[in-house]
Every structure is written in structure tokens, then in C-alpha cells.
Student: 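Encoded as C-alpha cells, here's the structure I'll be asking about.
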Amino acid sequence: MASTQKPEEGPGEAEAPPNVSRPQLVLFQGVPMPDMFMEDWEDVENFPAHPSDIIIATYPKAGTTWVQEIVDAILQGGDVKKCLRAPLEDRIPFLEFKYHGQPRTALQQLLNTPPPRVIKTHLPFQLLPKSFLEQGCKILYCARNAKDLMVSYFHFDLMNQLQPDPGTWQEYFQRFLKGDVSYGLWHHHVRGWWDQKESHPILYLFYEDLKEDLKREVVKIARFLEKQFSDPVLDSIVHHTTFESMKANPMCNYSTIPTAVFNTRVSSFMRKGQVGNWKDHFTVAQDQAFEVDYQSKMKDTDLRFHTEL
Ligand code: PPS
């Protein structure tokens with residue numbers, strides 16, 4: 001059926017990037033990865049980290065953007081106006097990001113920036129360039145319960161033209177549990193980082209904790225980054241990083257991304273921002289299948305998640 005909806009005009013509409021097409025997943029060391037990210041992979045693998053670099057690592061849709069904005073606000077000394085200086089993807093480049101057949105602009109931007117740099121990645125622990133570990137870089141890992149994350153990832157893959165087509169919700173549900181999605185099995189990702197948190201300077205955060213008490217978590221992140229703030233400054237960081245503030249902020253809501261990439265007519269990046277939204281999507285049968293699968297994949301770990309608050 002033809003749509004009668006007026007196309008949305010985004011600021012990036014006129015500057016659509018080249019080579020936007022949904023990728024194939026390719027297996028790299030057992031992890032399914034978008035094919036274009038793997039072009040010239042040695043450039044990522046050999047990234048020369050500096051000890052002052054800070055990594056924000058997540059499985060996709062776990063709260064990356066949220067932690068990025070909090071970290072930037074903290075590093076700007078709590079002066080949240082400074083966070084408006086550029087879109088988030090320029091303030092904190094996405095290490096492995098790449099368009100098909102194009103130069104690695106995010107990586108290049110990082111190489112051109114003097115340390116300390118803040119870097120976003122979705123890589124599982126075993127694929128993180130070794131120099132970050134050798135240099136003892138601080139790493140913030142944020143995890144989110146798999147049920148809400150799966151719903152968020154499904155909607156993201158519907159709208160993001162740089163992700164494989166998710167198919168129907170039921171098809172996606174099956175694929176997610178098999179790990180047949182970008183970055184592979186959620187279970188391996190969250191466990192891989194959890195198992196390393198005592199061996200490296202890793203602060204392991206949870207989306208649900210941020211949602212439960214944002215101020216407490218901002219203090220925790222600030223302490224990890226060796227910063228301290230007065231109560232009013234903390235309050236302004238918290239206000240700046242609520243879901244409502246971030247959804248309305250074009251410097252972190254990804255509205256600057258061309259609609260040829262993020263088709264916001266399908267779904268918005270800042271979608272619901274909730275814990276427990278999975279209940280609106282999972283059928284009873286899916287919930288049962290999820291739980292059986294979860295027990296088998298997560299039985300021998302002390303890593304625990306909340307699926308409601
Ligand atoms: S990405 O594409 O991997 O970088 O996405 P990521 O930022 O990890 O995850 C996007 C989801 O995080 C939600 N979000 C927030 N929730 C609560 N508060 C704040 N401030 C916030 N910022 C981002 C965003 O809405 C996506 O979740 P869903 O469930 O889809 O709404």
C-alpha cells in the first residue's frame with residue numbers, strides 16, 4: 001500500500017553518505033560482523049592506544065549513547081553546555097565503524113585527535129585491539145538485560161540501513177537466540193567482559209542500574225574517571241542525561257544522521273528508554289523459549305540481570 005505520510009525532512013537528508021546498503025554478516029573468529037566493518041580490519045586491530053584513552057564498550061543497544069553522554073559531561077567538568085559542541089559520533093568516535101568501500105573515517109578521526117580520546121566500540125572482549133589492554137586504558141562496559149535489548153535491537157535493525165534486515169519479530173527472536181546478529185551472541189558478549197573485569201580496569205555498568213538511580217551511577221562513573229563534583233553539578237549532569245533530555249537533544253539523539261541511514265519514519269533512535277518494554281512484545285511462548293535458552297547459556301555465571309524495576 002502506498003504511504004500517504006509526508007516524508008520527514010532531516011537535517012542530513014541532503015548529505016546522504018555513499019554506499020549505504022544493508023550488510024551481510026561475515027564470521028570473524030566465530031563472531032558475525034557486518035561485512036563493511038571487516039574491510040581492512042588490520043587498521044582496527046593495530047590501533048595504537050594511549051594509556052589515557054577511555055573505552056566505552058557495549059553489545060549494541062545496551063545503553064552506549066547514554067554512557068557516552070554521561071562520560072562526555074563528566075570530562076567537560078560537568079559543564080553540560082560543552083556537550084553541545086558537536087554530535088556525539090564526532091565527540092566519541094565509533095572505533096570499528098565504516099561504510100562499504102570507504103575510508104575508515106572514525107578511526108582516522110581518532111588517529112588525528114591527541115589523547116586522551118574517548119572511544120565507542122561494540123567489540124566483544126576478545127576482538128578489542130590489544131593495545132588498549134597493554135596500555136591499561138580505562139574501560140566502561142555497559143550491559144542491558146537481553147529481553148529489552150532484543151526488542152530495542154529489532155527496532156533499530158528495522159530503521160538502520162547499515163544493519164541486516166531483521167525480518168519479522170518472530171524471525172528476529174530466533175536469530176537473536178542463535179546469535180545470528182551483528183556482534184554475535186549477547187550471552188557471550190556480556191560474559192566475556194564480565195569474566196575480565198578483575199584482570200583489567202573495567203567498570204561494569206548495567207542499563208537497569210542507570211535507570212534505577214542515575215545520580216548514583218553518575219557518581220560511580222565519575223569516581224572511576226577520578227573526578228568529583230558538587231551536588232548542583234551532579235544534578236545538572238543527571239538532568240542533561242535523562243531520557244527526555246537526550247531525546248530532545250540533537251547533539252545526542254542521532255537526528256543528524258541522514259535518513260538514508262537511520263530511517264526515522266520506521267523507528268526513532270531514542271525509542272522508549274525503559275526497563276520492561278519487552279513485555280509489550282514477547283508472547284508467552286517466546287518468554288518460555290527465552291527462559292529455557294537463557295538457563296542453558298547463563299547457568300554457570302554469577303552475572304545477574306533485572307528485567308523489570
Ligand atoms: S547503539 O546503537 O548500540 O549505540 O544504541 P545504544 O545507545 O546502546 O542503545 C539505545 C537504547 O538506549 C536507550 N537510551 C536511553 N534510555 C534511557 N535513558 C537515556 N538517557 C537513554 N539514552 C538512550 C534508547 O532509547 C535505546 O533503547 P530503546 O529501548 O530502543 O528505547
Side-chain angles (χ1 to χ4, degrees), residues 33-34 37 55-73 80 83 87-97 106 118-124 140-164 166 169 172 176 181-184 186 189-190 193 205-215 217-218 221 237-257 261-264 266-282 306-309:
M33 293 288 292
F37 289 5
I55 295 284
I56 297 171
T58 57
Y59 188 85
K61 313 322 287 179
T64 329
T65 313
W66 200 359
V67 175
Q68 284 178 272
E69 194 64 20
I70 293 169
V71 167
D72 190 46
V80 297
C83 299
L88 193 52
E89 64 274 19
D90 291 335
R91 287 180 279 145
I92 304 182
F94 180 10
L95 179 67
E96 65 269 22
F97 181 81
V118 188
I119 303 167
K120 158 185 166 173
T121 184
H122 291 314
L123 292 173
L140 297 101
Y141 184 82
C142 187
R144 183 181 193 183
N145 82 78
K147 291 182 179 182
D148 282 323
L149 184 141
M150 195 195 304
V151 171
S152 180
Y153 209 171
F154 171 68
H155 286 92
F156 185 62
D157 286 2
L158 284 175
M159 67 89 110
N160 182 359
Q161 305 307 303
L162 295 174
Q163 280 278 77
W169 165 240
Y172 189 77
F176 184 90
V181 293
S182 301
Y183 297 98
W186 170 92
H189 206 286
V190 294
W193 282 95
L205 299 160
F206 293 92
Y207 181 99
E208 294 75 23
D209 287 350
L210 291 163
K211 206 65 204 171
E212 182 184 69
D213 189 340
L214 183 51
K215 189 166 179 175
E217 298 303 299
V218 169
I221 295 171
I237 297 175
V238 168
H239 176 72
H240 178 75
T241 55
T242 61
F243 180 72
E244 293 69 26
S245 299
M246 286 183 57
K247 190 176 172 70
N249 178 353
M251 290 299 111
C252 65
N253 67 10
Y254 286 108
S255 58
T256 53
I257 300 291
V261 180
F262 282 0
N263 184 351
T264 46
V266 174
S267 182
S268 61
F269 187 92
M270 295 286 176
R271 198 183 53 89
K272 295 280 182 191
Q274 295 169 353
V275 179
N277 180 241
W278 63 272
K279 291 179 193 168
D280 294 340
H281 296 271
F282 276 51
H306 297 287
T307 55
E308 54 193 314
L309 287 181

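Since this is a predicted model, take the numbers as computed values, not measurements. Ligands are counted one by one from 1 in listed order, and the atoms in each one are counted from 1 as well.
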Student: Nearest to atom 5 (O) of ligand 1, what protein heavy atom do you find, and at what distance?
Tutor: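 Protein heavy atom with the smallest distance to atom 5 (O) of ligand 1: Lys61 NZ, 3.0 Å.
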Student: Around His306, counting heavy atoms of other residues, nucleotides and ligands shown, do more than 12 lie under 6.0 Å from its NE2?
Tutor: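 Counting other residues, nucleotides and ligands, NE2 of His306 stays at 12 neighbours or fewer.
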Student: Look at Lys120 together with Glu89 and state whether they make a salt bridge at an N to O cut-off of under 4.0 Å.
Tutor: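 No.
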Student: Which ligand 1 atoms does Pro60 reach within 4.0 Å, using its non-hydrogen atoms?
Tutor: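 It comes down to these atoms of ligand 1: 3 (O).
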Student: Kindly say whether the aromatic ring centers of Tyr207 and Trp66 come within a distance under 6.0 Å.
Tutor: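 They qualify: ring centres under 6.0 Å apart.
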Student: In the protein, which heavy atom is nearest to atom 11 (C) of ligand 1, and how far is it?
Tutor: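 The answer is Arg144 NH1, 3.7 Å.
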Student: Given 3.5 Å as the limit, does a donor-acceptor pair link the side chain of Glu96 with the main chain of His122, or not?
Tutor: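 Checked: pair present.
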Student: As an exercise, identify every atom of ligand 1 less than 4.0 angstrom from a heavy atom of Phe243.
Tutor: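 The atoms of ligand 1 under 4.0 Å from a heavy atom of Phe243 are 15 (C), 16 (N), 17 (C), 18 (N), 19 (C), 20 (N), 21 (C), 25 (O).
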Student: In terms of the angle between their ring planes, are Tyr153 and Phe156 parallel, tilted or perpendicular, with boundaries placed at 30° and 60°?
Tutor: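 Tilted.
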Student: Of all the non-hydrogen atoms in the protein, which one sits nearest to atom 24 (C) of ligand 1, and at what distance?
Tutor: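 For this ligand atom, the closest protein heavy atom is Phe269 O, 3.8 Å.
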Student: Is the shortest side-chain heavy-atom distance between Met270 and Tyr254 below 4.5 Å?
Tutor: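 SC-SC contact between Met270 and Tyr254 ruled out.
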Student: Please say whether Ser152 places an N or O atom under 3.5 Å from an N or O atom belonging to ligand 1.
Tutor: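 Among all N and O atoms of Ser152, at least one is under 3.5 Å from an N or O of ligand 1.
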Student: Short list, please: which atoms of ligand 1 are under 4.0 Å from a heavy atom of Gly63?
Tutor: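 Atoms satisfying the 4.0 Å criterion: 6 (P), 8 (O), 9 (O).
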Student: Trp193 vs Tyr141 aromatic rings, parallel, tilted or perpendicular, using cut-offs 30° and 60°?
Tutor: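 Trp193 and Tyr141: parallel rings.
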Student: Under 4.0 Å from any heavy atom of Met246, which atoms of ligand 1 are there?
Tutor: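 So the answer, numbered in order with elements, is 20 (N), 22 (N).
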Student: Between ligand 1 and Thr241, can you find any atom pair, the residue atom being a heavy atom, that is separated by under 4.0 Å?
Tutor: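 Right, Thr241 reaches ligand 1.
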Student: For Phe37 and Phe94, take the angle between the two ring planes, folded into 0 to 90°, and tell me which bin it lands in: parallel under 30, tilted 30 to 60, perpendicular over 60.
Tutor: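 Rings of Phe37 and Phe94: perpendicular, as their planes differ by over 60°.
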Student: Distance-only, no hydrogens or angles: does the Asn277 side chain make a donor-acceptor pair with backbone N or O of Asp148 under 3.5 Å?
Tutor: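 Between the backbone of Asp148 and the side chain of Asn277 there is no qualifying donor-acceptor contact (under 3.5 Å).
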Student: Nearest heavy-atom pair of Ser245 and Thr242: which atoms, and what distance?
Tutor: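 That closest heavy-atom pairing would be OG-OG1, 2.9 Å.
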Student: Tell me whether His122 reaches ligand 1 (any heavy atom closer than 4.0 angstrom to a ligand atom).
Tutor: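 Heavy atoms of His122 do come under 4.0 Å of ligand 1.
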Student: Which residue holds the protein heavy atom closest to atom 7 (O) of ligand 1, what is that atom called, and what is the gap in Å?
Tutor: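 I find the closest protein heavy atom is Thr65 OG1, 2.4 Å.
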Student: State, yes or no, whether a side-chain contact exists between Phe176 and Phe154 at a heavy-atom distance under 4.5 Å.
Tutor: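 With C-beta onward as the side chain, the pair stays apart.
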Student: Among protein heavy atoms, which sits nearest to atom 4 (O) of ligand 1, and what does the distance come to when rounded to 0.1 Å?
Tutor: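 Protein heavy atom with the smallest distance to atom 4 (O) of ligand 1: Lys120 NZ, 3.3 Å.
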Student: In terms of residue, atom name and distance, what is the protein heavy atom nearest to atom 22 (N) of ligand 1?
Tutor: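 That would be Met270 SD, 3.6 Å.
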Student: Provide the number and element of each atom of ligand 1 under 4.0 Å from a heavy atom of Thr242.
Tutor: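 Every atom of ligand 1 under 4.0 Å from some heavy atom of Thr242: 20 (N).
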Student: What's the shortest distance from atom 8 (O) of ligand 1 to any protein heavy atom, and which residue and atom give it?
Tutor: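 Here the nearest protein heavy atom works out to Thr64 OG1, 2.4 Å.
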Student: So which protein heavy atom does atom 12 (O) of ligand 1 come closest to, and at what separation?
Tutor: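 Checked against all protein heavy atoms, atom 12 (O) of ligand 1 sits closest to Tyr207 CE1, 3.9 Å.
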Student: State whether the shortest distance between N or O atoms of Trp66 and N or O atoms of ligand 1 falls below 3.5 angstrom.
Tutor: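 Yes.
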